[in-house]
2 protein chains.
Amino acid sequence: MTELLKILQKIMPKEMSALSRRYTLLHTIRLFQPIGRRLLSQKMRISEKVIRTDTELLKSEGLIDIVFAGMTLTEEGARVLDSLQELMRPLEELDKVREGVQTLLESQELYVVPGDSQNNQEAFKELGKEAARVLLEHLQGKSTVAITGGSTIRKVVEAIPFQKAPSPFPKLMVVPARGSLGNNAKIQANNLVAKMAERLQCRYRLLNLPDNLSRKSLDSVSQEPEIKEVFSLIRNADIVLFGIGIAERMVERRNLEPSVMEEIREKRAVAEVLGHYFDGQGNIVSTSCSIGLRLHELEQGGGYPIAVAGGADKAEAILAVRKYLRRGALVIDEGAAKRILALAAGSKTL
Amino acid sequence: MTELLKILQKIMPKEMSALSRRYTLLHTIRLFQPIGRRLLSQKMRISEKVIRTDTELLKSEGLIDIVFAGMTLTEEGARVLDSLQELMRPLEELDKVREGVQTLLESQELYVVPGDSQNNQEAFKELGKEAARVLLEHLQGKSTVAITGGSTIRKVVEAIPFQKAPSPFPKLMVVPARGSLGNNAKIQANNLVAKMAERLQCRYRLLNLPDNLSRKSLDSVSQEPEIKEVFSLIRNADIVLFGIGIAERMVERRNLEPSVMEEIREKRAVAEVLGHYFDGQGNIVSTSCSIGLRLHELEQGGGYPIAVAGGADKAEAILAVRKYLRRGALVIDEGAAKRILALAAGSKTL
DNA sequence: CTAATAGGGACTTTTTAAGGCCCGGAAGCG
DNA sequence: CGCTTCCGGGCCTTAAAAAGTCCCTATTAG
């Protein structure tokens with residue numbers, strides 16, 4: 001049943017909003033019948049005219065009665081509403097989950113896609129698509145996008161449709177948010193930058209630095225004119241697209257020394273964002289030696305953050321860095337959202 | 001599943017046509033891929049622009065690929081199409097049934113509604129609704145409607161929505177197509193005429209004649225000025241709405257003498273339309289003594305016929321009078337339609 | 001080469017949705 | 001009683017989407 005909804009959503013996205021609107025309309029009418037257009041329009045926060053158009057349709061289909069006192073459901077309308085309720089349940093539930101997470105995290109923009117990326121590749125793909133959509137929406141007029149690496153961001157990049165020449169974003173520039181991390185080339189920021197630029201038909205700059213430089217060579221390299229230029233782009237990025245990682249998993253992936261892992265464990269780091277490790281309270285407990293965008297710059301800076309994370313196992317990490325997610329957009333999936341709510345409920349009762 | 005379709009059809013009728021169009025589009029693309037817009041537009045008999053709008057939507061959803069050679073389904077598109085096929089099957093099947101009956105009966109207008117009125121009251125109601133819709137569609141500008149009695153026409157009348165004063169059909173006049181028949185007042189033509197006029201907010205005239213008059217008194221009554229006036233209205237009716245009856249059942253219902261029943265049986269009458277009884281070949285074998293519209297008048301006359309019949313058991317009767325159904329609209333249900341096809345196939349092999 | 005077919009862009013016309021406003025009627029209330 | 005506050009419905013204007021039309025370039029089969 002939920003399968004069907006997704007397909008309908010795919011094949012007639014616009015029309016589906018009419019469906020849910022009319023469903024809510026029927027629902028509200030049942031709740032308050034008899035009720036008139038004005039009140040309905042207030043309660044549903046929809047313009048009166050739209051209510052009117054819809055009610056006229058529903059009346060002509062014999063689902064509602066319209067008399068002087070207001071509108072009421074007919075028997076058939078009640079039956080239809082019941083059947084619709086079955087159909088819409090997953091959609092409504094997802095919306096409730098979204099609401100719950102929204103009040104908890106207070107994100108500026110929150111998107112929750114169905115499914116759980118942890119054990120469903122399809123869902124992971126959809127997460128990427130949604131994030132790509134959000135990104136493209138914010139791209140208008142912006143000129144610099146900084147992105148991190150990671151398998152999640154990779155999904156986002158792969159979900160960006162190829163744009164045609166001539167470029168619709170002629171002034172766009174994509175840069176990695178930080179120096180390269182990890183050894184899996186496919187999910188390195190540099191690689192993703194190139195891929196994204198290819199899809200967006202725009203320019204890009206890379207940060208070709210070896211991993212885990214010493215403090216000293218890091219400082220000296222930072223003085224290189226070319227590097228400095230990229231740094232300046234990064235610091236002035238208009239959009240920062242990043243994933244939220246699970247601390248331990250990131251350490252493993254980056255092939256760091258055992259000592260680092262010990263540190264992570266000892267300090268109970270759970271989340272990783274932009275090279276910083278966080279404990280459950282959101283305190284930075286460690287920062288990897290790569291270079292690039294710093295968190296506090298993101299916190300107050302003008303760059304618009306777009307955070308993406310999917311899968312129930314990411315819930316703890318998302319909660320840990322919640323205070324950094326209030327600005328900007330957050331794109332998660334149902335699995336993560338539900339676990340977030342469960343964890344929050346649990347910690348409240350403790 | 002078929003339930004769901006009906007509900008969607010109810011709550012978003014316009015949008016559903018887009019759904020079936022896009023479904024057919026995907027289907028056709030799969031069949032002929034790679035294929036271009038022009039060819040598609042030819043094959044589907046849809047303007048090229050519509051194809052273009054739809055394909056752009058489908059492409060943006062990633063269901064099809066568009067390359068120089070034409071359009072092809074993506075993997076996801078194929079999956080979506082398969083799932084849609086499940087959903088659309090009942091709809092497609094009904095359409096095929098309709099096509100089959102259409103080629104068989106060659107009706108000017110043929111409507112087939114889902115379900116079987118014989119054993120489903122809901123379906124019977126829907127049949128009435130569809131017929132009412134057809135009637136209202138043809139009402140524009142027309143001034144006289146003649147209707148018969150019968151439970152089917154009763155359903156049609158009851159499905160006509162109440163119109164508001166001032167009457168949208170000020171010049172409309174409803175008359176019974178024939179004198180009263182049968183003893184069940186609720187389904188007598190006179191009664192239905194009054195009900196219909198009430199709903200349409202229009203004038204009406206009745207034919208208050210006793211049943212089964214002798215030839216002689218019939219002739220004399222026919223000379224009455226008032227009766228003559230109604231006759232003239234009937235003869236010049238712009239629309240004739242009538243049901244198709246099963247001969248034996250009609251005889252029973254009309255409480256006719258046993259001799260009549262014997263005659264019906266002897267001459268193998270199967271159908272009854274407008275007071276005439278027909279055998280399986282469509283020959284008139286008997287005519288009841290009531291008065292009013294004659295069949296041959298309908299056959300060549302200017303009045304637009306709207307015939308309504310539902311239920312598998314009506315199939316034989318419908319087939320018997322098929323030659324009278326080519327002009328005008330025919331509204332039947334799935335049950336009748338399927339039986340019609342089965343009977344036709346059977347008689348062909350004999 | 002040419003002719004045919006592909007997608008795509010640009011423009012106009014048509015249709016439909018939305019917005020906004022006002023009207024008369026029924027019900028509740030001082 | 002008169003007042004306000006609901007109600008649906010009519011009507012006109014504006015805005016946006018869909019459809020229709022025409023023309024363009026690229027690719028490929030013959």
Side-chain angles (χ1 to χ4, degrees), chain A residues 11-22 25 28-74 77 161-168 201, chain B residues 11-22 25 28-29 31-74 77 161-168 170 201:
Chain A
I11 208 165
M12 33 197 277
K14 279 212 205 72
E15 290 79 358
M16 288 304 280
S17 72
L19 174 61
S20 72
R21 193 182 59 237
R22 282 172 203 165
L25 185 57
T28 316
I29 289 179
R30 171 148 73 181
L31 238 59
F32 296 99
Q33 60 184 327
I35 188 179
R37 291 187 314 224
R38 331 271 146 123
L39 267 178
L40 269 177
S41 123
Q42 266 177 255
K43 284 193 197 298
M44 295 178 57
R45 289 179 194 170
I46 292 178
S47 85
E48 188 195 323
K49 180 70 202 202
V50 175
I51 299 277
R52 185 151 153 186
T53 313
D54 279 350
T55 49
E56 272 165 3
L57 184 274
L58 294 177
K59 182 198 160 80
S60 84
E61 294 288 338
L63 301 185
I64 59 176
D65 275 336
I66 303 187
V67 289
F68 72 91
M71 296 176 273
T72 49
L73 279 197
T74 61
F162 282 95
Q163 309 290 320
K164 313 233 153 52
S167 167
Q201 287 284 332
Chain B
I11 208 165
M12 32 197 278
K14 278 213 203 72
E15 290 78 359
M16 287 304 280
S17 72
L19 174 61
S20 72
R21 193 183 58 236
R22 283 173 202 164
L25 185 57
T28 316
I29 290 179
L31 238 59
F32 297 99
Q33 60 184 324
I35 186 177
R37 290 189 314 225
R38 329 275 146 123
L39 267 178
L40 269 177
S41 126
Q42 267 177 255
K43 284 191 196 299
M44 295 178 57
R45 290 178 194 168
I46 291 177
S47 84
E48 189 193 322
K49 178 69 200 202
V50 175
I51 299 276
R52 184 150 154 189
T53 314
D54 279 350
T55 49
E56 272 166 4
L57 184 274
L58 293 177
K59 183 198 161 79
S60 84
E61 294 287 338
L63 301 185
I64 58 175
D65 275 336
I66 303 187
V67 290
F68 72 93
M71 296 175 273
T72 50
L73 280 197
T74 61
F162 282 96
Q163 308 290 320
K164 310 234 152 51
S167 167
Q201 287 284 333

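Order of the sequence lines fixes the chain letters, A, B, ..., with proteins taken first and strands second; residue numbering starts at 1 for each chain.
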Interatomic distance, [X] [atom1] vs [N] [atom2] [rounded to whole Å]:
| X | N | atom1 | atom2 | answer |
| --- | --- | --- | --- | --- |
| B:K59 | C:dG7 | NZ | P | 11 Å |
| A:E15 | D:dA17 | CD | C1' | 12 Å |
| A:I51 | D:dG9 | CD1 | P | 15 Å |
| A:I66 | D:dC7 | CD1 | C1' | 11 Å |
| B:F32 | C:dA6 | CZ | C1' | 17 Å |
| B:I35 | C:dA6 | CD1 | P | 7 Å |
| B:M12 | C:dA17 | CE | C1' | 16 Å |
| A:E56 | D:dC11 | CD | C1' | 13 Å |

Practice prompt. Without swapping roles, check the side chain of A:T74 against the backbone of A:L63 for a donor-acceptor pair under 3.5 Å.
Written response: yes
Worksheet item: Does the side chain of A:K14 get closer than 4.0 angstrom to OP1 or OP2 of D:dA17 through an N or O atom?
Response: no
Worksheet item: So what does B:L57 touch, heavy atoms closer than 4.0 Å: a base, only the sugar-phosphate, or nothing?
Response: nothing
Worksheet entry | side chain to side chain contact (heavy atoms under 4.5 Å, CB included) against B:S20, all qualifying residues, sequence neighbours excluded | B:M88
Worksheet item: Which residues pass the side chain to side chain contact (heavy atoms under 4.5 Å, CB included) test with A:S47, sequence neighbours left out?
Response: A:K49, A:V50
Worksheet, complete the sentence: Taken in chain and number order and not counting sequence neighbours, the residues that satisfy salt bridge (Lys or Arg N to Asp or Glu O under 4.0 Å) with B:E15 are A:R22
Worksheet, complete the sentence: Per-nt protein contacts along nucleotides 18-28 of chain C (heavy atom under 4.0 Å; B base, S backbone sugar-phosphate only, - none) come out as BB------SS-
Worksheet item: Does A:R30 have any side-chain hydrogen bond (donor to acceptor under 3.5 Å, both in side chains) partners at least two apart in sequence or in another chain, and if so, which?
Response: A:D82, A:Q85
Check: residues 34-42 of chain A side-chain donor-acceptor pairs under 3.5 Å, at least two apart:
from	atom 1	to	atom 2	distance (Å)
A:R37	NE	A:E48	OE2	3.2
A:R37	NH2	A:E48	OE2	3.2
A:R38	NE	A:E48	OE2	3.3
A:S41	OG	A:I46	O	3.2

